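The model shown is predicted, which means the values in this text are computed figures rather than measured ones. Atom set for the values below is all heavy atoms of this structure, side chains included, hydrogens, waters and symmetry mates excluded.
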Number of protein chains: 2
Amino acid sequence: MSTAQGARARARQEVTAAIKEAARGQLAAEGAAKLSLRAVARELGMVSSALYRYFPSRDDLLTALIIDAYDSLGEAAERARDAAADAAPEARWVAVCEAVRGWALDRPHEYALIYGSPVPGYSAPQTTVPPAARVGMVLIGIVRDAHQGPGLTALPLPAGLRPEAARLAADLAPDLPAEAAVALVAAWAQLFGLVGFELFGQFNRVVEDRETFFRHAAGRLAEGVGLGRG
Amino acid sequence: MSTAQGARARARQEVTAAIKEAARGQLAAEGAAKLSLRAVARELGMVSSALYRYFPSRDDLLTALIIDAYDSLGEAAERARDAAADAAPEARWVAVCEAVRGWALDRPHEYALIYGSPVPGYSAPQTTVPPAARVGMVLIGIVRDAHQGPGLTALPLPAGLRPEAARLAADLAPDLPAEAAVALVAAWAQLFGLVGFELFGQFNRVVEDRETFFRHAAGRLAEGVGLGRG
DNA sequence: ACCGAAAAGAGAGCACCGCTCTTGCTTTGG
DNA sequence: CCAAAGCAAGAGCGGTGCTCTCTTTTCGGT
């Protein structure tokens, strides 16, 4: 247990958390590119060099924030799925999509951190992969439940895509039809296209009632993976 | 005419172009966040302060690059549309989508500049709006042609979305059915979700045959706006 | 209980950044 | 022809990420 270890380790965890908290504050205020280690240190009353005992570089701090953000978003998606556990698959799909959108609207800068442009030069380490997959897993799970329950509607699968579809299905969801796996990956990317456009201002002066628009689009995404009307 | 003015004005245009060119080089090498005016100046053999005669700030340089990128992408989309002028609407749609993807794969950093996270603090001035709309205009045009020619397939439009759909159609394409306008905006956002996910690495170790996958997804997007099989 | 090792903070300093201001030089246009 | 405008250069300000050294604190094994 982490609580059983010495005062030193506990203090380290607390300081680490405080640094991330302050960094998140800066992130929300100024954006990732202006996240300054010195400013974080100032806010915490330490000297900048002391921060390097906790994060070897600014990029490592960013990586930690990225992982936290993926986890936070993943949790939000999972909570939405569980809260709609009794609803029809299509409704559960829409609920998860709306949870993703809501999370993004609440924390635009954290969303930008994980789904915006990759930070300069920096390439995400492997540790970010599992947290990043959580939302996708939730979406896959909903389709899997529908497949084992009410069933999925038929989806097209051109011959040229068959090898890729088989690979995809084998990797992601061996129990699903290959065409559903393809549709899932596409819908997954398209979901973040919708959220990103709204968040980054592409819908300004275009879409007004974004809530309604998004719910409709998410519903059509659900149809696209074989949910609903089945 | 721009060629008729004095040597001074011509020199100014050449230097401005050289600055943007060098900046684009840095962009490709290091990413937008590390674009350094001093480095650009060094590369051009000038002193950093001299750059401020051409761009009042780093953000203004970025704005210029953003506008150029939007225009370049818009031209690519228009060229693809014109090259496929004789094809069926669905094929023309897919051709334009593939042009967008191809442009993005060729210039990932410029794509990130316009469709990635907004740059820190900086909010895009109104001058970027018309260039940014060009791709959307191309997509609208294809659907309009199909509507006036072979016709569009029926699309659902829930009652709650009717007001927003009417507004959208009035703004974007008064001659199109309201439900087509809604579907167009959604497909537009979803297209960039697909491209962005591929470009920013979200498809790593997930999608292998991205070319084929994308063509299929673009085709389904076309169906989603009422093209094809009509 | 002590003592050496490990961890943590503080401070100075390096190289770089965006941006401003002042100083001269060159081109331009009335 | 000469004043005005455009331009390059240099110095300098406050900020950044990061490194190095030095001191203090804490921990674990004997």
Side-chain angles (χ1 to χ4, degrees), chain A residues 1-20 22-23 25-27 29-66 113 118-123, chain B residues 1-20 22-23 25-27 29-66 113 118-123:
Chain A
M1 278 302 149
S2 58
T3 54
Q5 50 204 12
R8 186 156 217 157
R10 199 175 323 124
R12 183 168 232 286
Q13 286 192 338
E14 276 169 24
V15 175
T16 304
I19 292 173
K20 290 201 288 188
Q26 279 220 359
L27 207 65
E30 301 278 2
K34 289 199 176 162
L35 204 185
S36 145
L37 284 189
R38 292 181 112 112
V40 169
R42 259 194 310 272
E43 192 175 325
L44 266 49
M46 355 172 45
V47 94
S48 75
S49 59
L51 274 189
Y52 287 81
R53 301 271 176 207
Y54 297 87
F55 296 95
S57 79
R58 181 179 176 278
D59 280 0
D60 290 271
L61 212 200
L62 276 178
T63 300
L65 295 180
I66 286 174
L113 198 60
V119 189
Y122 158 100
S123 84
Chain B
M1 279 307 163
S2 58
T3 55
Q5 49 203 13
R8 185 157 219 155
R10 200 174 325 122
R12 183 169 231 287
Q13 285 193 339
E14 276 168 23
V15 175
T16 304
I19 291 173
K20 291 201 288 188
Q26 278 220 359
L27 209 64
E30 300 279 1
K34 287 198 178 164
L35 204 184
S36 146
L37 284 188
R38 293 180 112 113
V40 170
R42 257 195 311 272
E43 191 176 325
L44 265 50
M46 356 172 42
V47 90
S48 75
S49 60
L51 274 188
Y52 287 82
R53 298 271 168 200
Y54 298 88
F55 296 95
S57 78
R58 180 180 176 278
D59 280 359
D60 291 272
L61 212 200
L62 277 178
T63 300
L65 295 180
I66 286 173
L113 197 59
V119 188
Y122 159 100
S123 84

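Closest to the side chain of B:A39, out of D:dA9, C:dC17, D:dC18, is C:dC17. Of all nucleotides listed (C:dG11, D:dT16, D:dG10), C:dG11 comes nearest to the side chain of A:V47.
As a whole-Å value, the separation of A:R12 CZ from C:dA7 P is 9 Å. Nucleotide D:dT16 holds its P atom 11 Å from the OH atom of A:Y52, rounded to whole Å. B:L62 places its CG atom 10 Å from the P atom of C:dG18, with the value rounded to the nearest Å. One can place CG of A:L44 at 15 Å from P of C:dA8, the figure rounded to the nearest angstrom. Look at CG on A:D59: it is 14 Å from C1' on D:dT16, rounded to the nearest Å. Rounded to whole angstrom, the span from the CD atom of B:Q13 across to the C1' atom of D:dG6 amounts to 15 Å. Between A:K34 atom NZ and C:dC17 atom P the separation is 17 Å, expressed in whole Å. Rounding to whole angstrom units, CZ of residue B:R58 and P of C:dC17 are separated by 11 Å.
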_CA sep, side-chain torsions, deciding dist, call: A:K20, A:L65, side chain to side chain contact (heavy atoms under 4.5 Å, CB included)_ = CA-CA 7 Å; A:K20 290 201 288 188; A:L65 295 180; 4.1 Å; yes

*B:Y54 and B:M46: side chain to side chain contact (heavy atoms under 4.5 Å, CB included), yes or no, with the steps?*
CA-CA 12 Å; B:Y54 298 88; B:M46 356 172 42; 4.3 Å; yes

*Pair A:L35-A:V40, side chain to side chain contact (heavy atoms under 4.5 Å, CB included): steps then yes or no*: CA-CA 8 Å; A:L35 204 185; A:V40 169; 3.9 Å; yes

*Taking protein heavy atoms under 4.0 Å as touching, what does nucleotides 20-27 of chain D look like 5' to 3' if B marks base contact, S marks sugar-phosphate-only contact and - marks none?*
B----BBS

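Taken to the nearest 0.5 Å, the CZ atom of A:R53 stands 9.5 Å off from the CZ atom of A:R12. For the atom pair CG (A:L51) and CD1 (A:I19), the distance works out to 4.5 Å, reported to the nearest 0.5 Å.
OP1 or OP2 of C:dT28 has not a single side-chain nitrogen or oxygen of B:R10 nearer than 4.0 Å. Between A:Y54 and C:dG9, a side-chain N or O to OP1/OP2 separation shorter than 4.0 Å is present. The shortest distance between the side-chain N/O atoms of B:S36 and the OP1/OP2 oxygens of C:dC16 is not below 4.0 Å.
Within the nucleic acid shown, B:S57 comes within 4.0 Å of sugar-phosphate atoms alone, with no base atom in reach, counting heavy atoms only. Nucleic acid contact for B:L35: sugar-phosphate only, since backbone atoms but no base atoms lie under 4.0 Å from a heavy atom of the residue.
Remark: the B:S57 side chain and the B:D60 side chain contain an N/O donor-acceptor pair separated by less than 3.5 Å.
A donor-acceptor contact under 3.5 Å links the side chain of B:R38 to the base of C:dG18.
Here the side chains of B:L37 and B:F55 are not in contact, with every heavy-atom distance at 4.5 Å or above.
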